[in-house]
Q: 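Before I ask anything, let me first share the structure, which is written out below as C-alpha cells.
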Amino acid sequence: MIRMIQCQSAEQAKDYHKDELSQSDYYTSDQELRGSFHGKIAMRLGVSGNATKEAFNSLSDNLHPLTGSPLTPRNVGNRIVGYDINFHCPKSVSVLHVLSKDDHILQAFQQSVHDTMLDIEADGKTRVRKNGKDENRQTRELIWAEFIHQTARPTRDAQPDPHLHCHCFTFNVTWDKLEKQYKAGQFRDIKRDMPYYQARFHKRLADNLIAWGYRIRRTKTSFEIVGVPDAVITLLSKRTNEIGQIAKEKGITNAKALDQLGVKTRVKKKKGLKMADLKKDWRRQILALGMSDGKQGGGNPIRYAPDTPPTIVPSECVDHALKHRFERASVIHDRRILETAYRHALGYSGATVGQITNAFRNNKELISVKEGCRLLCTTKEILAQEQRMVGLARTGKGRFTPLYNSSPALTLQGEQADAVIHVLTTSDQISIIRGRAGTGKTMLMKEAVAKIEAAGKKVFVVAPTAQASRSVLKDEGFADAETVAKLLCDPTLQQRLSGQVLWVDEAGLLGTKDMTALLELVSKHKARLILSGDTRQHASVVRGDALRILNKVAGIIPAEVNKIYRQRDTNYRQSVDDLSQGNIKTAFAGFDRMGAIKTTNPGYIGLVSDYMAALNKGKTVLAISPTHAQGEAVTSAIRSALRKAGKLDKKEITLSRLVSLNLTDAEKADCRSYQQGQVVRFNQNRPGIVRGSAWLVSEVSFQGVHIKNVNKETLFLPMDKTQDFDVYHKADINLSKGDAITITRNGFDEKNNRLNNGQILEVVGFAKGRILARNPISKTKYVLQDDFGHLAHAYCVTSHASQGKTVDEVFIAQPAATFLATDMKQFYVSVSRARDQVHIYTDDKEALLDHVSSSGDRQSATELVSPIQSIARKRRNQSVIIKPIVTSVPQQFVRLHAPKLSIQ
C-alpha cells in the first residue's frame, strides 16, 4: 500500500523523524534505518546521501540546506511543507523479513520503493502563473528524505509488531528550468494517480520476491506470500486491528479520517527495544498458535501445481485491463488501465512492469487523446459501436408519416403538452422526451399513449429495470410494461412490434449495447421509438451514456419538460431547478439558506432524530447515501431508533444474505476473483445447471473453480460464459417483524409471485423457516424461504436505487467518506426525491460543494475524437495519438536465490 499525507507544519515534519536524523548508525534504534536524501533536487542542492538533521530542518523551513537562503519565492505561514509518501509491505512480507537471517527482503523492498519514487519524480510539476498563464509545467525533479522502519507503532497493551515500511518525505520544491528558479511543486496529479504508482510498487516488489523463490497470492487490495497463514497475519497486525475497531465504533470509513484517527491514537515508540528480543517474542507468539516451519495457510484457497509457478504474457495483462475497464466506461485515463494490468500480473512471472507498459504502448486497438499531461483512451471497437448507434438513429430522421398532421386536443398544457405534440406530429422514427426529476413525465406519457392508440397504433412500454417496468409503470396503469432485457430476448414480443410504437421509460439508464439493439429492432420492424428520460440523472452502469449521445452526437433534438411539480416549497423547488440547469453554487447556496445542509460528525444522531420526527408526523421518508458502507451505518442507527420507539419487534432473527460482488466479466474470468464459500447464481441454463440455481464455490486453483450445489454435485464453473452467472458473498442480516426490506435480485417467492429488484416489502412475521412479507401499498402477500438471500434493509439506499422514487422527506448522509462516489448526478438524484423537505448531513460542507460540482458525465468515444473536440483540443494544446506516452521504467531489481527460513 502507498499513502500520501500532506504536511503543513515544519515543526511536525522535524519532530516526526528526529530519531532517524540524530544518529549516524545504519540502524538508528534497531528498528529504524538512518534517513537519506534522494532525487534530482537533492543533487542540485548538494545533499544527496545520508540525511542530516540540519539539512532536513532547513528544507522543512523552505531554506537552502547549505546557504540558508530562502528556497522558493513564496514562504507564507500556511505553506505546504511537503508530502509523506509512505510505502507499506504486506504483513506476510514483514514477517518473513524479520525472521530472515539476512536483508534480502529489505533490499528488494528498498529497490521497489526507489524505482517507484523515480516514477513519481518523473511526474513532478509546478504551477506557471507568469504572463497571464495559469497552467502546470512538467519539471521532473523532486527531493525526498527516505526513512525505513521495521516495526509498527505499539498498542497500549503490547509490544510493536513487525511492519516493514518506508516514509519518503517529499519536500514541496522543484526546479523550473524555464524560469531558472526553485518553485513549489504541483502534487495534485500525483495524488490523483496514487493507485497507479501503488500498482507499480506492488508488482515490482512481488516480482522481486518471486525471483527469490517466493510464491505470491493476490488479495483484495495487495498481495501476500503463500505459506504465511492468515492467523499469523492477524496475530501480528495489532495496531491495524486497534485502529479498525475504534473506526468501527465511531463510524469512520474515509481515508482522511482514518489517518487522523491513527495520529490521535498513537502510542509513543518504545525506545531501547532490540530487534533480537522482538524477534524472539514474535516467534513465541507464532508458536503459541501451534504454527511451525513449513505450516501452510492463507485466506485465498488458490492451489498451485507443484513446482509450476504461474506464468503470463504481457499482452494478456493488457487485454484483461481493457476488458475490465471498458466494460463500464467508453473513455479511460491510461493510468487506470495500466494500474489494472499491473495488478492482474501480481503473482505471475513473465510479465514485468516494463513489459506490460510496452505491451500497452504497442496495442493497436487503442485510440488515445493527449490532454495536457494526461492520456484519455478508447478503442476502435467502442468507437465503431457508438458510430453504429448514431448512424441508426440518424437514418430514422424523416422516415415516417406523422401520426397527426395537426395538434389534437389535449388535457395537458405548457411544456407537457408541447412534448406530447412533438411525438404525435414528428416524422422521425426516433423521438426523445427529456424531463427533469419531478416534472410529471408519467402524466404526459399517459396522455401521449392514449393519443397514439387513438391513431390506431399499439404502444409497447419497456424500461431498463424490473423496478421501473414491473413495479412503477404497472402501478401507473401500464399493466403490460416489461424490461428491455425481456424484449431483447423474446422473439414473440419483438414480432408484435411490427409497425407499432415502442416507448422506453427511464431511457437514460440504457448503455450503448442495449440502445443499439433497440434501434436495430425498431429499424427491422419499421416501428417508432420514443425515449423518455433525464440525462441529468444516473446513466447506465455498463458502458455508454446512450441517451445523451443520441442527443448530442446524433442530433436527435429532445422535447424538453423543465417545469418541476414534485417540490411543493418554492425555495426547495428553485434549488432543485438550479441544480438541474448546472448552477451548482447557486443551488448549493439555496439549500444552505433553507437550513437543509447540516454539519455533523459521524454517528448520524441528527439524521436519525430528524428521520424519526418525520415518521411520527406521518410523513413518507427515505434515507440516501452514495455508498453501501455508509448506508449500512445509517441503517443500523435508524433500526436502533425504530426498535426503541416500538416500531420494530424486540425479537430478531439472523439470516444469511447474498451481497453482489459486482464483478466485471474480466474479473469473473480470473480464478483469483473467487474464494471458498462464495455463491454463484446462474441466469441461464447450462449443461448440468438450471437457470436460477445457486452453487457454492468449493475449491479454487489455477486449473479452475469448482462449484457444488445443494445435492453435493460438483463441476467446473464455466468461466468462458461469464454473462451467464453472478457472484455473491455471504453476509448476515438481522430481521424483525416490522422491518422494511428491499429485494436485490429478480426472482419469485414460494408461491411463484414475481419479486423485482428494488421492490420494497414489509416483514410481517416468520413461520417454519420462511419470511412472511407484504407490499406496504398493495398489501400483496409474499412468502420467502429464509435462504432466499437476495434482500437488504430498505431504510438507507444509494442514489441509484432511489432514482424513480418519491417521498415527503429525504435524508442524505454525505460525509467525506462518500466523496469518491459523489458528483452532480448523484447529488441531483438524491435531493430531488422529496416533495416537502430535504436534509443533507455532511462533515465537510466546502468539500461537498467541490465534489458535487463534478458533472458525472462519462465522455463517449465519439466525443473524444470528434472534429469539434479536435478543434477544442488544438486550442488547449492537445493532440490525438495512437500510441500512449507513459513514464519510462527504471531497470528492475532482481534476486536469484531464495533463502531458507525458519520460525523455530
Side-chain angles (χ1 to χ4, degrees), residues 419 423 430-449 452-453 458-490 493-494 496-497 500-519 521-522 527-542 544-548 550-551 558-559 561 683 742-747 754-760 775 777-778 797-806 825 829 832-833:
V423 299
I430 316 299
S431 302
I432 298 176
I433 299 175
R434 192 171 77 154
R436 298 175 185 173
T439 55
K441 292 189 292 293
T442 304
M443 188 182 301
L444 75 85
M445 183 177 174
K446 287 181 179 180
E447 180 138 12
V449 168
I452 292 171
E453 293 186 339
K458 173 67 176 174
V459 180
F460 295 88
V461 179
V462 297
T465 67
Q467 174 67 6
S469 60
R470 296 168 182 158
S471 181
V472 175
L473 286 172
K474 287 191 177 182
D475 290 344
E476 294 291 346
F478 300 101
D480 296 325
E482 266 297 352
T483 63
V484 171
K486 172 70 172 175
L487 172 64
L488 293 178
C489 70
D490 190 330
L493 283 179
Q494 295 172 13
R496 292 168 60 192
L497 269 181
Q500 307 303 321
V501 179
L502 175 64
W503 191 304
V504 183
D505 194 30
E506 294 286 359
L509 293 174
L510 288 173
T512 304
K513 180 180 177 182
D514 282 349
M515 183 67 84
T516 302
L518 289 175
L519 291 171
L521 187 62
V522 296
R528 302 168 194 260
L529 177 62
I530 301 172
L531 304 166
S532 62
D534 185 4
T535 55
R536 305 168 189 87
Q537 299 188 56
H538 286 303
S540 64
V541 174
V542 295
D545 298 359
L547 187 64
R548 186 179 60 81
L550 292 186
N551 173 208
V561 184
N683 309 314
T742 182
I743 303 300
T744 59
R745 178 187 168 100
N746 296 335
R754 184 184 290 277
L755 296 166
N756 297 314
N757 186 10
Q759 183 178 358
I760 294 178
N775 186 311
I777 299 174
S778 68
V797 301
T798 64
S799 57
H800 284 85
S802 76
Q803 189 160 314
K805 299 184 186 300
T806 301
K825 287 181 182 287
V829 170
S832 61
R833 295 306 95 200

Q: What heavy-atom pair brings Leu473 and Ala463 nearest, and what distance separates the two atoms?
A: CD1-CB, 4.0 Å

Q: Could you name each residue pair satisfying salt bridge (Lys or Arg N to Asp or Glu O under 4.0 Å) that touches residues 433-448, not counting sequence neighbours?
A: Arg434-Glu560, Arg436-Asp577, Lys446-Glu476

Q: Are the side chain of Asn775 and the backbone N or O of Ser778 linked by a donor-acceptor pair below 3.5 Å?
A: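 Yes.
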
Q: Taking salt bridge (charged side-chain N to carboxylate O under 4.0 Å, His left out) as the definition, give me every residue that meets it alongside Arg470, ordered by chain and number, with sequence neighbours left out.
A: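 Listed in chain order: Glu482.
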
Q: For Thr465, check side chain to side chain contact (heavy atoms under 4.5 Å, CB included) against everything at least two apart and list the hits.
A: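 Partners of Thr465 by the side chain to side chain contact (heavy atoms under 4.5 Å, CB included) criterion, ordered by chain and then number, come out as Gln467, Ala468, Leu509.
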
Q: Taking only residues two or more places apart in sequence, or in another chain, which ones meet Lys513 in a salt bridge (charged side-chain N to carboxylate O under 4.0 Å, His left out)?
A: none

Q: Any side-chain heavy atom of Val504 sitting closer than 4.5 Å to one from Leu502?
A: yes

Q: Sequence neighbours excluded, which residues qualify as salt bridge (charged side-chain N to carboxylate O under 4.0 Å, His left out) partners of Asp480?
A: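 For Asp480, no residue satisfies salt bridge (charged side-chain N to carboxylate O under 4.0 Å, His left out) once neighbours in sequence are set aside.
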
Q: Set out, in order, the CA-CA distance, both residues' side-chain angles and the distance that settles side chain to side chain contact (heavy atoms under 4.5 Å, CB included) for Val829 and His800, then state yes or no.
A: CA-CA 8 Å; Val829 170; His800 284 85; over 6 Å; no

Q: Which residues pass the side-chain hydrogen bond (donor to acceptor under 3.5 Å, both in side chains) test with Asn683, sequence neighbours left out?
A: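 side-chain hydrogen bond (donor to acceptor under 3.5 Å, both in side chains) list for Asn683, sorted by chain: Asp726, Arg745.
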
Q: Are any non-hydrogen side-chain atoms of Ser799 and His538 less than 4.5 angstrom apart?
A: yes

Q: By salt bridge (charged side-chain N to carboxylate O under 4.0 Å, His left out), which residues pair with Lys458, not counting sequence neighbours?
A: none

Q: State, yes or no, whether a side-chain contact exists between Ile452 and Ile530 at a heavy-atom distance under 4.5 Å.
A: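 Ile452 vs Ile530: side chains touch.
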
Q: By the definition side chain to side chain contact (heavy atoms under 4.5 Å, CB included), identify the one residue from Asp534, Val561, Leu531 that meets it with Ile433.
A: Val561

Q: Tell me, with the steps shown, if Leu519 and Leu529 meet side chain to side chain contact (heavy atoms under 4.5 Å, CB included).
A: CA-CA 8 Å; Leu519 291 171; Leu529 177 62; 3.8 Å; yes

Q: Within the 4.5 Å heavy-atom criterion, are Pro464 and Asp514 side-chain neighbours or not?
A: no

Q: Please tell me if the side chains of Arg528 and Ile430 come closer than 4.5 Å, counting only heavy atoms from C-beta onward.
A: no

Q: Are Phe460 and Val501 side-chain neighbours, meaning at least one heavy-atom pair lies under 4.5 Å?
A: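 A side-chain contact under 4.5 Å is absent here.
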
Q: Taking the side chain as every heavy atom from C-beta outward, state whether Trp503 and Val449 have any atom pair closer than 4.5 Å.
A: yes

Q: Who passes side chain to side chain contact (heavy atoms under 4.5 Å, CB included) against Ser540, sequence neighbours left out?
A: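 Once residues adjacent in sequence are excluded, the partners of Ser540 under the side chain to side chain contact (heavy atoms under 4.5 Å, CB included) criterion are Val542, Arg858.
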
Q: Is any side-chain heavy atom of Asp545 closer than 4.5 Å to a side-chain heavy atom of Leu510?
A: no

Q: Taking the side chain from Gln759 and the backbone from Asn756, do they hold a donor-acceptor pair closer than 3.5 Å?
A: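 Present.
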
Q: For the pair Asn757 (side chain) and Ala466 (backbone), establish whether a donor and an acceptor sit closer than 3.5 Å, ignoring hydrogens and angles.
A: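 No, Asn757 side chain to Ala466 backbone: no donor-acceptor pair under 3.5 Å.
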
Q: Who are the side-chain hydrogen bond (donor to acceptor under 3.5 Å, both in side chains) partners of Asp505, not counting sequence neighbours?
A: Ser532

Q: Could you walk me through whether Leu518 and Leu488 pass the side chain to side chain contact (heavy atoms under 4.5 Å, CB included) test, one step at a time?
A: CA-CA 8 Å; Leu518 289 175; Leu488 293 178; 3.9 Å; yes

Q: Sequence neighbours excluded, which residues qualify as side chain to side chain contact (heavy atoms under 4.5 Å, CB included) partners of Gln494?
A: Leu487, Leu521, His525

Q: How many angstroms lie between atom NZ of Lys474 and atom OG of Ser469, to the nearest 0.5 angstrom?
A: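 These two atoms lie 7.5 Å from each other.
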
Q: Please check: side-chain N/O of Arg833 versus main-chain N/O of Lys805, any donor-acceptor pairing under 3.5 Å?
A: yes

Q: Please enumerate all residues that pass side chain to side chain contact (heavy atoms under 4.5 Å, CB included) together with Asp475, with sequence neighbours excluded.
A: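 Only Ser471 meet the side chain to side chain contact (heavy atoms under 4.5 Å, CB included) criterion with Asp475.
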
